[in-house]
Amino acid sequence: MKQRNWKSAPRHNRRKDPAGIGTRAVWAGENIEPWQRATQVPVALSVSYGYDNLDEWAQVALGHARGHIYGRNTNPTVAAFEEKVRLLEGAEAATSFSSGMAAISNTLFTLLSPGDRVVSVKDTYGGTNKLFVEFLPRFGIDVCLCDTTDHRGIEAAIGEGCKVLYLESPTNPTIKVVDIARLAASGRRQGATVVVDNTFATPINQQPLELGADLVIHSATKFLGGHADALGGVVCGTADLVAKIYHFREITGACLDPMSAYLLLRGMKTLHLRIARQNESAMNIARFLEAHPKVERVFYPGLKSHENHEIARRQMSGFGGVLSFAIRGGFDAVKSFLPRLNYAHLAANLGAVETVAGPPATTSHVESTKQERAAAGIPEALIRYSVGIEDADDLIADLRHALKSVGKKSNPKRRTRQ
Ligand SMILES: *Cc1c(COP(=O)(O)O)cnc(C)c1O
């Protein structure tokens, strides 16, 4: 009964679905046309959609009637994924991409033209930073990258001209936090389009549209999917902006694959449960590490010692599942410490159900030189730790055990896993 009520709600009432975010994570986007009474969204691998009636075909092709024509434009499984993200972010519209970087690059190339200026921060995701320093300038776009937590400096840069204000919070790998409401207001005064990469926070912990952003971007590969088995990206926001970005993508072709859309859609049904657990475990682990004598520094916005803790408290409802910490003894200590972790993939991704750990030198900042990492304030002995959904006590015991080796000379073999 409940299910039918939800499904029959008029479309225009569902932009801000009044249901709780956990209910939306489960139900949103699932009301596509049923196929053989399947309760789960089918994976439509068909590239094209046939029409016997040429008038109907024309109506759909021209966008006057609902339906699908060709897979590079739209697909029913992909549309269900977009709808779920749209409702979780409380947006007017959403469109998806083959990866997070496709979402980011398509958005920037849609919004920017030669002579325009984009203002952003130095700590954006490594791939995004490459767009700013390597690709956009080739098209005559002026890129201004500010110190991430210097809010006055960012406001001054916006005041000197800004077509697009591009923010990311929390950032990678030192988990910095920017005041989205304050900077979005500054961007809007200048007439800029305000874009926020919400990958680290997810819509469970942070709602950038409510804080004044025009567009929210996700690498769905991370927390949204949550199982490290599908790449994807998504942009949501106002209908007119999303329509422009969708048009750029339908022509340039970085569309989300239907199988990946299905995996992401399935992963998102447990998003609220995973994030609640990851928030709680990360907080406990951050406190444990901060008190450990072999740990030099811990970066986590939930800690009082974090330089932007107050901003994080204001704009986030949870502090997220990623933290980083520097251990004593430099990179040699990292090399002996990491392989001793039993419950962590040593890998480049984050946001998965399994804990994932790695140094920035081989993850977020693999393209940077040692000097560039130092200039960005990244300690050489830093470890990024993306907390999974395991029992926090086991993760803490694992970290405690691996930290014992720090500063000792011994064979860095993994214990056998049970
Ligand atoms: C991983 C990541 C991206 C890029 O996403 P892909 O799906 O790997 O292309 C962008 N932004 C942030 C914050 C990320 O962590």
Side-chain angles (χ1 to χ4, degrees), residues 78 81-82 85 89 95-109 120-135 145 148 166-178 180 195-206 208 213 215-236 245 249 252-257 259-261 263-264 267-268 275 278 282 299 301 316 319-324 345 347-352 356-360 362-368 376 378 384-387:
V78 169
F81 163 75
E82 292 166 342
V85 182
E89 290 286 6
T95 192
S96 61
F97 300 85
S98 52
S99 70
M101 280 316 301
I104 294 164
S105 56
N106 278 240
T107 300
L108 291 170
F109 279 102
S120 187
V121 294
K122 287 186 178 154
D123 286 73
T124 51
Y125 176 73
T128 310
N129 182 260
K130 283 282 157 191
L131 287 176
F132 287 142
V133 300
E134 190 178 330
F135 292 95
L145 300 184
T148 305
Y166 186 96
L167 302 173
E168 187 178 318
S169 186
T171 65
N172 214 340
T174 49
I175 330 291
K176 294 191 177 99
V177 169
V178 300
I180 296 172
V195 185
V196 176
D197 182 334
N198 203 28
T199 301
F200 267 46
T202 81
I204 307 292
N205 285 334
Q206 180 169 278
L215 292 168
V216 178
I217 298 189
H218 282 279
S219 165
T221 315
K222 312 292 171 51
F223 287 101
L224 293 189
H227 294 72
D229 56 3
L231 287 161
V234 61
V235 177
C236 22
I245 298 164
R249 191 268 285 157
T252 53
C255 50
L256 180 62
D257 169 72
M259 192 63 217
S260 296
L263 291 169
L264 298 170
M268 282 172 66
I275 299 298
Q278 286 164 319
F299 301 89
M316 303 179 80
F319 299 112
V322 187
L323 55 92
S324 62
H345 285 305
N349 67 306
L350 57 92
V356 185
T362 53
T363 58
S364 60
H365 284 66
V366 63
E367 284 112 348
S368 313
I378 302 169
R384 187 182 70 193
Y385 192 84
S386 171
V387 181

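Remember, it's 1-based here, ligands and their atoms both numbered in the order they're listed.
Nearest non-hydrogen protein atom to atom 9 (O) of ligand 1 is Met101 N, 2.8 Å. Among all protein heavy atoms, the one lying closest to atom 7 (O) of ligand 1 is Thr221 OG1, 2.7 Å. The shortest contact between atom 5 (O) of ligand 1 and any protein heavy atom is with Ser219 OG, 2.9 Å. For atom 4 (C) of ligand 1, the closest heavy atom belonging to the protein is Tyr125 CE2, 3.4 Å. In terms of protein heavy-atom proximity, atom 1 (C) of ligand 1 is nearest to Lys222 NZ, 1.3 Å.
Considering Leu224, Asp197, Ile217, Thr124 only, the shortest heavy-atom separation from atom 11 (N) of ligand 1 involves Asp197.
Judged as a side chain to side chain contact (heavy atoms under 4.5 Å, CB included), and not counting sequence neighbours, the contacts of Asn129 are Thr124, Val133, Leu145. In this structure, Lys222 has no side-chain hydrogen bond (donor to acceptor under 3.5 Å, both in side chains) partners at least two apart in sequence or on a different chain.
Atoms of ligand 1 found under 4.0 Å from any heavy atom of Ile104 (numbered from 1 in listed order, with element): 10 (C). Counting atoms of ligand 1 from 1 in the listed order, those under 4.0 Å from a heavy atom of Glu168 are 13 (C). Atoms of ligand 1 found under 4.0 Å from any heavy atom of Gly100, numbered from 1 in the order shown, are 5 (O), 6 (P), 7 (O), 9 (O).
Residues Phe200 and Gln206 form no side-chain contact, since every pair of their non-hydrogen atoms from C-beta on lies 4.5 Å or further apart. Side-chain contact between His218 and Phe223: absent, with no pair of heavy atoms (C-beta onward) separated by less than 4.5 Å. In this structure, the side chains of Ile245 and Leu215 come closer than 4.5 Å at one or more pairs of heavy atoms. A heavy-atom distance below 4.5 Å is found between the side chains of Pro208 and Glu89.
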**Study point:** Trace of the side chain to side chain contact (heavy atoms under 4.5 Å, CB included) decision for Phe299 with Ile378
**Key:** CA-CA 11 Å; Phe299 301 89; Ile378 302 169; over 6 Å; no

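For ligand 1, the polar-atom distance check against Leu231 finds no nitrogen or oxygen pair separated by under 3.5 Å.
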